[in-house]
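Each remark here refers to the structure printed beneath this line.
Letters go in sequence order (proteins before strands), and every chain restarts at 1. All of these numbers come straight from a predicted model, not from anything done at the bench.
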There are 2 protein chains.
Amino acid sequence: MLEVELRRNTRQKRVILQSVEQLGCHPTAIQIFSAVRKVLPRTSLSTVYRNLGILVDQGKIKAVKGTGTEIHYDHNTGEHNHIKCKVCGRVCDVNIEPVDIDTLNSEAVSNFVVLEVCMNILGICPECAEQLEREKTQ
Amino acid sequence: MLEVELRRNTRQKRVILQSVEQLGCHPTAIQIFSAVRKVLPRTSLSTVYRNLGILVDQGKIKAVKGTGTEIHYDHNTGEHNHIKCKVCGRVCDVNIEPVDIDTLNSEAVSNFVVLEVCMNILGICPECAEQLEREKTQ
DNA sequence: ATTCATAATAAGAACTATTCCTAATATAGA
DNA sequence: TCTATATTAGGAATAGTTCTTATTATGAAT
C-alpha cells in the first residue's frame, strides 16, 4: 500500500493559485498577498509564501528569481525568459530562443555540470519609456 | 571653474580594492570584509559595502547580481557571464558568446528598451561533482 | 609643519524579503 | 459526527544590505 502524501485542499491555497493566475504579469509574494486578502482578509503572509512554495514544487507555477531582490511568480510554466523594467519593476515574458543546456554541457563550460540557465534582461517598458520622453520634452 | 568631486584616498578603500583583486574568484562582501580585517582589523562591514559601491560606480570592479541572494564582486570588468556551483556556492567566469543588446533592441523584445542582459548559469563545479561521485560509489 | 573643513569611518540600528516557530484551527477520512 | 493531523495566523528570526550618527582622518590651504 502506497503511503499517500496528504495534501489538504484549503481555501487559502485555492485563492493563492487563482491570484497568481488572475494577476497575470508575474506578481511578487506581497502583490499576491494583498490580492488574496481581498477574498480571505485574515490570510497571513507566511501562508502565502508556504503555499507558493508548494505550488512551485507541484509544478503548477514557476518562481522567477534573479530579476532583483524579490521573487516573482509565474503561472506560465513553459520555458521562457523574462525582462524587468528598471523604472516600474514589472516583469514581462520574452521570447528569445532559450540557451540549450545540453549544448553548454557538451562545450564543457568551465568544466561545470550545467543544470539551469536563466537569462535576465533589464530594460525600460514602453509605458515608462513614453513617460520619460514626455518629461524630457516638457 | 569646475566643481571637483573630492574623493579621499583612504587606507580602507585601497585595501578593499586590493582584496577584491587578490581574492580572485568573485568574493562576496563578507569574504572581502574578513580579508580586509586581516590588514585593518577595525574595518566595519558598512565601510566595505560603501566602498564596494563607490568602486562599482567608478567602474573599477563589477557587481555580480542574480546568482542568488548575495552580491559577488568581480575585478574583471570586461563583459562575460558567470556560473554558480549549486553545492559550494562559488561563482566562476564563463565564456559563452554574450547576447548582443543591439540585436535584442532591433528585434523589439516586448517593446522594451533593452539595457542589460545577464546570463545566470547554475551547475556543479568539478570539485563538488567529483566529491558527489565519490560519495555515491562508496 | 599646522590648521581646518569636511569626507569617510566604526558601530550598530533599520530595512527588506523570506523562512521559521507555535498554539489554534479546519480539513478529510473513518 | 468524531478525530488525527495538516494547515493556519501571528509574529519572531534570519540574511544580506543600507542607513544613521558621533568620531576620525584626509588633504588643501595656510
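- Taking every side-chain heavy atom of A:Thr69 into account, C:dA17 is the closest of C:dT18, D:dT17, C:dA17.
- Distances shown here put every side-chain N or O of B:Gln12 at or beyond 4.0 Å from the OP1 or OP2 atom of D:dA25.
- In the set C:dA8, D:dG10, D:dG16, the nucleotide with an atom closest to the side chain of B:Tyr49 is D:dG16.
- Nucleic acid contact class of A:Ile30 (heavy atoms, under 4.0 Å, all strands): none.
- A straight line from CZ of B:Arg11 to P of D:dT24 spans 15 Å, rounded to a whole angstrom.
- Take the nearest nucleotide of DNA chain D for B:Thr47 and for B:Thr10: the residue whose nucleotide is more 5' is B:Thr47.
- Spacing between atom CG of A:Asp57 and atom P of C:dT19 amounts to 11 Å, rounded to whole angstrom units.
- Checked against D:dT17, D:dT26, D:dA9, the side chain of B:Glu70 finds its nearest nucleotide in D:dT17.
- Toward the 5' end of DNA chain D, the nearer of the two residues B:Arg8 and B:Tyr73, judged by each one's closest nucleotide, is B:Tyr73.
- Relative orientation of the B:His80 and B:His26 rings is tilted, given thresholds of 30° and 60° on the angle between their planes.
- Between A:Gln58 atom CD and D:dT7 atom C1' there is a gap of 14 Å when expressed in whole angstrom units.
- A donor-acceptor contact under 3.5 Å links the side chain of B:Ser46 to the base of C:dG12.
- The distance between atom CD1 of A:Ile32 and atom P of C:dA17, rounded to the nearest whole Å, is 14 Å.
- Nearest heavy atoms, B:Asn105 versus B:Phe112: OD1-O, 3.8 Å.
- At a cut-off of 3.5 Å, with distance as the only test, no side-chain donor of B:Glu127 or B:Gln131 sits close to an acceptor on the other residue.
- With rounding to whole Å, B:Lys65 atom NZ is found 16 Å from D:dG16 atom P.
- Counting any heavy atom pair closer than 4.0 Å across all strands shown, A:Arg42 reaches sugar-phosphate atoms only and no base atom.
- The base of C:dA17 does not come close enough to the side chain of A:Thr28 for any donor and acceptor atom to sit less than 3.5 Å apart.
- Between the side chains of B:Thr47 and B:Ser44, at least one donor N or O sits under 3.5 Å from an acceptor N or O.
- The shortest side-chain heavy-atom distance between B:Val91 and B:Thr28 does not fall under the 4.5 Å cut-off.
- When the side-chain nitrogen and oxygen atoms of A:Arg7 are compared with OP1 and OP2 of C:dA28, none of them lie within a distance under 4.0 Å.
- Atom CG of A:Asn51 and atom P of C:dT27 are 13 Å apart (whole Å).
- Computed from coordinates, the A:Leu45 CG to C:dA17 C1' distance equals 9 Å when rounded to whole Å.
- Following rounding to the nearest Å, A:Ile54 (CD1) and C:dT19 (C1') show an atom-to-atom distance of 14 Å.
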